> 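The following block contains the structure, expressed as structure tokens.
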Amino acid sequence: MASMSTVFPKPTTFLSQPLAKSHKSDFATASVSFPSNSRSRSLRSLKVRAALIEPDGGKLVELVVPEPRRREKKHEAADLPRVKLTAVGLQWMHVLSEGWASPLRGFMRESEFLQTLHFNSLRLDDGSVVNMSVPIVLAIDDEQKALIGESKRVALVDSDDNPIAILSDIEIYKHPKEERIARTWGTTAPGLPYAEEAITNAGNWLIGGDLEVLEPVKYNDGLDRFRFSPSELRSELERRGADAVFAFQLRNPVHNGHALLMTDTRRRLLEMGYKNPILLLHPLGGFTKADDVPLSWRMKQHEKVLEDGVLDPETTVVSIFPSPMLYAGPTEVQWHAKARINAGANFYIVGRDPAGMGHPVEKRDLYDADHGKKVLSMAPGLERLNILPFRVAAYDKTQGKMAFFDPSRAQDFLFISGTKMRGLAKNKESPPDGFMCPGGWKVLVDYYDSLSVTGSTRLPEKVPV
């Protein structure tokens, strides 16, 4: 589990230059026209500007206690009733502390929870609406509720009972588990990974309030140097003079089809009139289901992708997104997009069945493959974000590389599914040349080879990156 510790400078393995204080960039403003088949509401006509998109609510809400007040706050926390965080609860605290969920100021109170659950949005005091599609809540059980009593504040503690945050002006309300699961996933079928991990066996109460995190979250897993907050990312993007930021979320290893989509997106943005589009390659770093490749191995694979020149380090920033994964399809993809606005992204790449999974009981996908990108184009509070749907990429046997699918010669293309890719790696077989860079593929083979050695379905220990 993560712990709290002093902030140390981060090595910049994935940043072409070290992080520095931001400076103002000076690009000309120009009108650009977008293709008529664009699915985004705002891609028809817009201004090319140097300034990054504003965070939701107008400013980042960062909830880490300033250095001069930390000792005082730790003394306060020592005398408060305690609520122990699970691993997932700590990941959500991390998300809140850095402003990914801005303008949210802590774990949700009931009014925020209900708005999120039923409207996928929050109405602010000025009447404006921001997107918020997944509940960020903290569950407690009857015993914890009784221990809190009439107190208006609680200390949040880690697995070693160390206080790591204070929750103030608290509100405790019922945890409607069935309603929450039904409205988030569209089903209450057993086998939903996140629901089984964080909801089904959780307490029957939710506690919300204003959050103060005593120190920046550190996991001490060798990967903290890749965890950049929205504020840090904005500083880096401004320092690089980005006039467009396009975000790509993934929870899988990068293959050359992904790389083709990302490089083609940059080409399109340049054609639209942008001078320096920067890719935010943003692998998800929180809870994932058992058959996903663990974060440490994915980061090692991403490193090889940049080393092999598949993506350009000069125009790519790779950073870990700390959110847990819900596998809630069109509902969750709104959260993924909204959080990237707060990091400075004004373009979001979305593909087939984003944040989806197979139905936990029936042999079919849980969600329609096209609904995610359609929902993003209509979602309340995401009007400022430009949605870039995937073009379909597959392995072109005539060219020996990944290319955009051409239906007029469908027989020339080979679709390599994630299941097929994992099967090849497990059997130490090589994919067709040009599917994935050799260094990246070796990492994947090494991961599955480690599973066979341990006899596990997933390797728990970390690998050096």
Side-chain angles (χ1 to χ4, degrees), residues 14 16 34-35 37-40 43 244-272 274 276-284 293 298-299 301-318 333 336 340 345 347-354 369-370 372-373 376 386-422 424-425 430-444:
F14 287 149
S16 60
F34 289 77
N37 64 351
S38 171
R39 303 185 73 118
S40 170
L43 285 186
V245 180
F246 57 108
F248 185 85
Q249 158 151 324
L250 68 167
R251 68 174 196 270
N252 293 305
V254 174
H255 58 63
N256 289 352
H258 295 137
L260 175 64
L261 293 164
M262 290 181 269
T263 55
D264 185 68
T265 297
R266 188 170 196 275
R267 177 192 62 77
R268 291 166 60 195
L269 291 172
L270 289 169
E271 290 177 352
M272 292 169 186
Y274 292 95
N276 189 28
I278 298 294
L279 165 65
L280 173 58
L281 184 63
H282 217 193
L284 185 135
V293 177
R298 284 185 278 128
M299 295 303 291
Q301 194 268 350
H302 299 344
E303 186 176 29
K304 293 298 182 183
V305 167
L306 269 79
E307 284 181 2
D308 288 2
V310 177
L311 293 172
D312 182 2
E314 294 295 321
T315 59
T316 304
V317 175
V318 181
V333 75
H336 294 166
R340 276 38 181 249
F347 290 87
Y348 187 78
I349 303 175
V350 60
R352 179 190 178 279
D353 196 19
D370 292 327
K373 61 187 177 185
L376 279 184
N386 302 299
I387 306 304
L388 299 171
F390 273 9
R391 295 173 64 189
V392 178
Y395 187 78
D396 188 339
K397 294 181 286 186
T398 65
Q399 299 185 57
K401 65 179 184 178
M402 299 297 287
F404 291 120
F405 178 68
D406 181 356
S408 68
R409 52 185 189 91
Q411 71 280 358
D412 295 333
F413 287 87
L414 177 65
F415 287 89
I416 302 175
S417 66
T419 301
K420 175 71 171 177
M421 180 181 71
R422 289 190 291 270
L424 290 171
S430 296
D433 289 342
F435 172 74
M436 185 183 290
C437 67
W441 183 254
K442 185 178 184 303
V443 172
L444 202 56

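All values derive from a computational prediction rather than experimental measurement.
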> Thinking salt bridges, do E271 and R268 make one under a 4.0 Å N-O criterion?
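No, E271 and R268 are not salt-bridged.
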> Nearest 0.5 Å please: distance from the CZ atom of F390 over to the CG atom of L260.
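Interatomic distance, F390 CZ to L260 CG, rounded to 0.5 Å: 10.5 Å.
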> Test your reading of the model: is there a side-chain donor-acceptor pair from Q301 to the backbone of V254, 3.5 Å cut-off?
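Present.
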> Hey, could you give me the CE/CG distance between M402 and L414, rounded to the nearest 0.5 Å?
8.5 Å
> Can you name the closest pair of heavy atoms from P432 and Y395 and give their distance?
CB-CZ, 3.3 Å
> Just to verify, what does P277 make a side-chain contact (heavy atoms from CB on, under 4.5 Å) with, not counting sequence neighbours?
D243, A244, F246, R266, L269, L270, Y274
> Is the shortest heavy-atom distance from the side chain of T263 to the side chain of D312 under 4.5 Å?
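T263 does not reach D312 side chain to side chain.
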> If I take atom CG from residue N252 and atom CE from residue M421, how far apart are they, to the nearest 0.5 angstrom?
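So the gap between those two atoms works out to 6.0 Å.
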> Considering all heavy atoms of both residues, which atom of P253 and which atom of M436 are nearest to each other, and what is their separation?
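That would be CB-CE, 4.3 Å.
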> For A393 and F415, which heavy atoms make the closest approach, and how far apart are they?
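Of all heavy-atom pairs spanning A393 and F415, the closest is O-CE2, 4.3 Å.
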> For the residue pair H302 and P283, establish whether any side-chain heavy-atom pair is separated by less than 4.5 Å.
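SC-SC contact between H302 and P283 confirmed.
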> Among residues at least two apart in sequence or on other chains, which ones pass side chain to side chain donor-acceptor pair (under 3.5 Å) with H282?
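For H282 the side chain to side chain donor-acceptor pair (under 3.5 Å) partners, ignoring immediate neighbours, are R340.
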> Can you tell me if NZ on K397 sees more than 12 non-hydrogen neighbours from other groups inside 6.0 Å?
yes
> Any chance you could measure L284, atom CG, to L250, atom CG, to the nearest 0.5 Å?
9.0 Å
> Please report the shortest heavy-atom distance between G372 and P354, naming the atom on each side.
CA-CG, 3.7 Å
> Can you find a heavy atom in the side chain of I416 that is under 4.5 Å from one in the side chain of F435?
yes
> Once you measure the plane-to-plane angle for F413 and F405, does it fall in the parallel (<30°), tilted (30-60°) or perpendicular (>60°) bin?
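Correct class here is perpendicular.
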> State, yes or no, whether a side-chain contact exists between V318 and M299 at a heavy-atom distance under 4.5 Å.
yes
> Can you measure from CD (E314) to CG (L306) and round to the nearest 0.5 angstrom?
10.5 Å
> Can you tell me if N256 uses its side chain to pair, donor with acceptor, with the backbone of G434 under 3.5 Å?
yes
> Look up atom NE2 in H258 and atom CE in M262, then write down how far apart they are to the nearest 0.5 Å.
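Taking NE2 in H258 and CE in M262, the distance rounds to 7.0 Å.
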> Are the side chains of D396 and F404 in touch, meaning some heavy atoms are under 4.5 Å apart?
no
> Between D308 (side chain only) and V310 (backbone N and O only), is there a donor and an acceptor less than 3.5 Å apart?
no
> Which is it for W441 and K304 under the side-chain contact (heavy atoms from CB on, under 4.5 Å) test, yes or no, and what are the steps along the way?
CA-CA 9 Å; W441 183 254; K304 293 298 182 183; over 6 Å; no
